[in-house]
Engineer: 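Shown below is the structure under consideration.
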Number of protein chains: 2
Amino acid sequence: MTASPLAEQIAQKLRRDILRGKLAPGDPIKERDNAVDLGVSRTPLREAVRILAKEGLVQLRPARSPIVADPSLKEVRDAVMVLKALEILSGELACREASDAEIAEIRDLSERHLALSETAEGDALIELFEIDMAFHTAIARASHNPALAETHAAYLARMWRQRYLSAVQRRARERVRTQHENIVRGLETRDPARVGTEIDAHLSALIVNLTRLFELRESGRDLTTNEKDIE
Amino acid sequence: MTASPLAEQIAQKLRRDILRGKLAPGDPIKERDNAVDLGVSRTPLREAVRILAKEGLVQLRPARSPIVADPSLKEVRDAVMVLKALEILSGELACREASDAEIAEIRDLSERHLALSETAEGDALIELFEIDMAFHTAIARASHNPALAETHAAYLARMWRQRYLSAVQRRARERVRTQHENIVRGLETRDPARVGTEIDAHLSALIVNLTRLFELRESGRDLTTNEKDIE
DNA sequence: CGTTTGAATCTGGTATACCAAAAAATTCTT
DNA sequence: AAGAATTTTTTGGTATACCAGATTCAAACG
């Protein structure tokens with residue numbers, strides 16, 4: 001028995017397609033078409049779509065094709081607020097619960113991020129970003145609260161694309177570097193209040209940056225929407 | 001087209017069965033058996049099980065029947081901590097975002113809870129408890145942050161049974177009444193700090209109470225496990 | 001030429017049939 | 001009689017076939 005990795009596998013593939021922009025917001029995800037494309041049956045693909053729907057990456061509509069979610073600014077801000085609360089809790093708990101090894105690992109991620117951040121361009125940006133995500137995920141796991149880590153991961157996944165667009169900017173990269181460093185320092189000194197403050201600052205800055213991105217998007221031509229629907 | 005209410009319908013039925021204790025923690029949920037019992041096919045039942053799994057009510061195991069989750073004390077405490085963070089955020093946001101009507105509705109729920117709390121016994125306890133849940137849900141919705149409300153609801157659902165066992169106790173009922181009142185006062189005066197503090201106290205007390213319940217359960221015979229497996 | 005109506009088609013929802021892996025039971029061996 | 005190996009059964013995973021609602025496009029009517 002294969003323990004149903006297939007649905008999860010498909011979900012993973014779709015997730016990447018969505019986040020990389022291959023599947024643009026608003027695009028329909030038709031059960032039949034995608035199933036034959038991937039060479040699988042509709043059943044597991046259907047299940048995969050449900051998984052993504054729970055994560056908020058796709059939107060189910062009654063009697064309609066599911067579509068790739070296209071969150072509004074408010075929705076993104078709402079999600080970041082929740083993420084912030086979750087991550088602050090993670091950081092505070094991590095101060096108490098994390099092992100030294102775990103904190104060392106977080107520092108390591110921070111430094112790898114630092115090293116890559118200055119030079120990265122093109123495809124390396126994706127790697128940079130994945131390290132960024134791993135950094136935050138590691139903090140959530142260091143809370144030793146699996147439920148928290150899981151929910152945190154779900155929110156992170158949901159906003160992957162938005163965060164990616166934000167993190168890629170040069171000016172944001174500078175800021176992220178120092179903020180990550182501050183968070184690590186707080187963890188190393190096991191200072192929950194400081195960690196909370198730093199994470200708060202970090203994610204508050206993210207909200208500001210995302211807001212700016214959305215405003216840019218509304219004026220000027222679009223960075224996130226693909227051009228295919230103009231064809 | 002029926003917009004797939006079937007799976008959701010089944011999930012709802014199973015959820016109630018689990019929470020009322022008809023399906024005890026550890027019980028397997030076999031696809032075939034339950035499907036024929038409910039007179040539906042395996043496909044929607046399977047989907048329903050996945051929904052409950054995402055909510056944390058059932059536990060999927062590779063190559064095994066899913067079983068009704070039987071959370072340990074640590075897991076419950078972990079979940080309540082997350083719930084607390086979510087609910088504090090809800091309360092703080094509600095102070096800023098909620099309409100007067102929404103706050104009035106929350107007060108109404110608090111008062112209905114109060115009225116029922118003193119006299120309720122037997123089946124009325126379920127109604128009492130549903131009002132309790134509605135109270136907390138209303139606060140989450142009053143945050144005007146749908147993502148937050150949804151995640152909060154998921155955590156609430158996950159711990160329905162534990163909270164039920166806690167809320168039914170006479171001594172807990174007394175405490176809950178005054179704490180609800182305090183939260184409402186904070187909302188009415190639009191005082192985020194106070195609301196945060198009160199919710200914190202409320203849920204911290206819940207953790208204490210749940211811990212006590214678990215200790216009781218470990219000594220003496222079991223209140224939550226049904227007796228069927230001794231047959 | 002515009003509007004309306006109906007049929008063809010596309011979509012997701014549901015049921016069922018089949019397969020492989022894991023548990024359980026039985027039997028064969030020692 | 002005890003243990004191990006094999007066979008049988010049970011379970012979930014996957015594919016496929018069928019159904020009903022919704023959309024859309026076209027033709028006919030005003």
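Throughout, a chain's letter reflects where its sequence line sits, starting with A, and its residues are numbered from 1. Computed over heavy atoms, backbone and side chain alike; hydrogens, waters and symmetry mates excluded.
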Engineer: For nucleotides 16-19 of chain C, print each protein N/O atom paired with a nucleotide N/O atom at under 3.5 Å, atom names and distance only.
Structural biologist:
| residue | atom | partner | partner atom | Å |
| --- | --- | --- | --- | --- |
| C:dT16 | O4 | B:Thr43 | OG1 | 3.3 |

Engineer: Tell me the salt bridge (Lys or Arg N to Asp or Glu O under 4.0 Å) pairs involving residues 128-157 of chain B, sequence neighbours left out?
Structural biologist: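 Output for this query is empty, none listed.
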
Engineer: Please say which of B:His113, B:His202, B:His152 ends up in a ring-ring contact (aromatic ring centres under 6.0 Å, His included) with B:His136.
Structural biologist: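 Going through B:His113, B:His202, B:His152 one by one, the ring-ring contact (aromatic ring centres under 6.0 Å, His included) with B:His136 is satisfied by B:His202 alone.
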
Engineer: Rounded to the nearest angstrom, tell me the gap between atom CD in B:Glu47 and atom P in D:dG13.
Structural biologist: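 It works out to 14 Å between those atoms.
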
Engineer: Categorize A:Ile29 for me: base, sugar-phosphate, or nothing, with a 4.0 angstrom heavy-atom threshold over every strand shown.
Structural biologist: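 Since only primed, P, OP1 and OP2 atoms lie under 4.0 Å of A:Ile29, the category is sugar-phosphate.
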
Engineer: With respect to the phosphate group of D:dG13, does any side-chain polar atom (N or O) of B:Arg50 fall under 4.0 Å of OP1 or OP2?
Structural biologist: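 Yes, such a contact exists.
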
Engineer: With salt bridge (Lys or Arg N to Asp or Glu O under 4.0 Å) as the rule and sequence neighbours excluded, what pairs involving residues 88-97 of chain A come up?
Structural biologist: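 Listed once each, the pairs would be none.
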
Engineer: Between A:Lys30 (NZ) and C:dT9 (P), how many Å, whole number?
Structural biologist: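 Taking atom P of C:dT9 as the reference, NZ of A:Lys30 is at 16 Å.
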
Engineer: Measure CG/B:Leu45 against P/D:dT11 and give the value in whole Å, please.
Structural biologist: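 So the CG-P distance, B:Leu45 to D:dT11, works out to 13 Å.
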
Engineer: Can you tell which of C:dA15, C:dG12, D:dA15 lies closest to the side chain of A:Pro44?
Structural biologist: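 My answer, after comparing the listed nucleotides, is D:dA15.
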
Engineer: For B:Asp78, what residues pass the side-chain hydrogen bond (donor to acceptor under 3.5 Å, both in side chains) criterion, not counting sequence neighbours?
Structural biologist: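 With sequence neighbours excluded, B:Asp78 shows a side-chain hydrogen bond (donor to acceptor under 3.5 Å, both in side chains) to B:Lys74, given in chain and number order.
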
Engineer: Can you check the B:Ile67 CD1 to D:dG12 C1' distance for me, whole Å?
Structural biologist: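 Nearest whole value for this atom pair: 15 Å.
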
Engineer: With sequence neighbours excluded, tell me which residues meet side-chain hydrogen bond (donor to acceptor under 3.5 Å, both in side chains) with B:Thr151.
Structural biologist: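 For B:Thr151 the side-chain hydrogen bond (donor to acceptor under 3.5 Å, both in side chains) partners, ignoring immediate neighbours, are A:Tyr155.
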
Engineer: Report, one line per pair, each donor and acceptor closer than 3.5 Å where one atom sits in a side chain of residues 37-45 of chain A; sequence neighbours left out.
Structural biologist:
| residue | atom | partner | partner atom | Å |
| --- | --- | --- | --- | --- |
| A:Ser41 | OG | A:Thr43 | N | 3.3 |
| A:Arg42 | NE | A:Glu31 | OE1 | 3.0 |
| A:Arg42 | NH2 | A:Glu31 | OE1 | 2.8 |

Engineer: Quick one: which of C:dG12, D:dG12, C:dA15 gets closest to the side chain of A:Glu31?
Structural biologist: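 Closest nucleotide to the A:Glu31 side chain: C:dG12.
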
Engineer: Atom CZ of A:Arg46 to atom P of D:dA15: distance rounded to whole Å?
Structural biologist: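 The answer, rounded to whole Å, is 15 Å.
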
Engineer: Can you measure B:Asp33 atom CG to D:dT10 atom C1' for me and round it to whole angstrom units?
Structural biologist: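 After rounding, the gap between these two atoms is 10 Å.
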
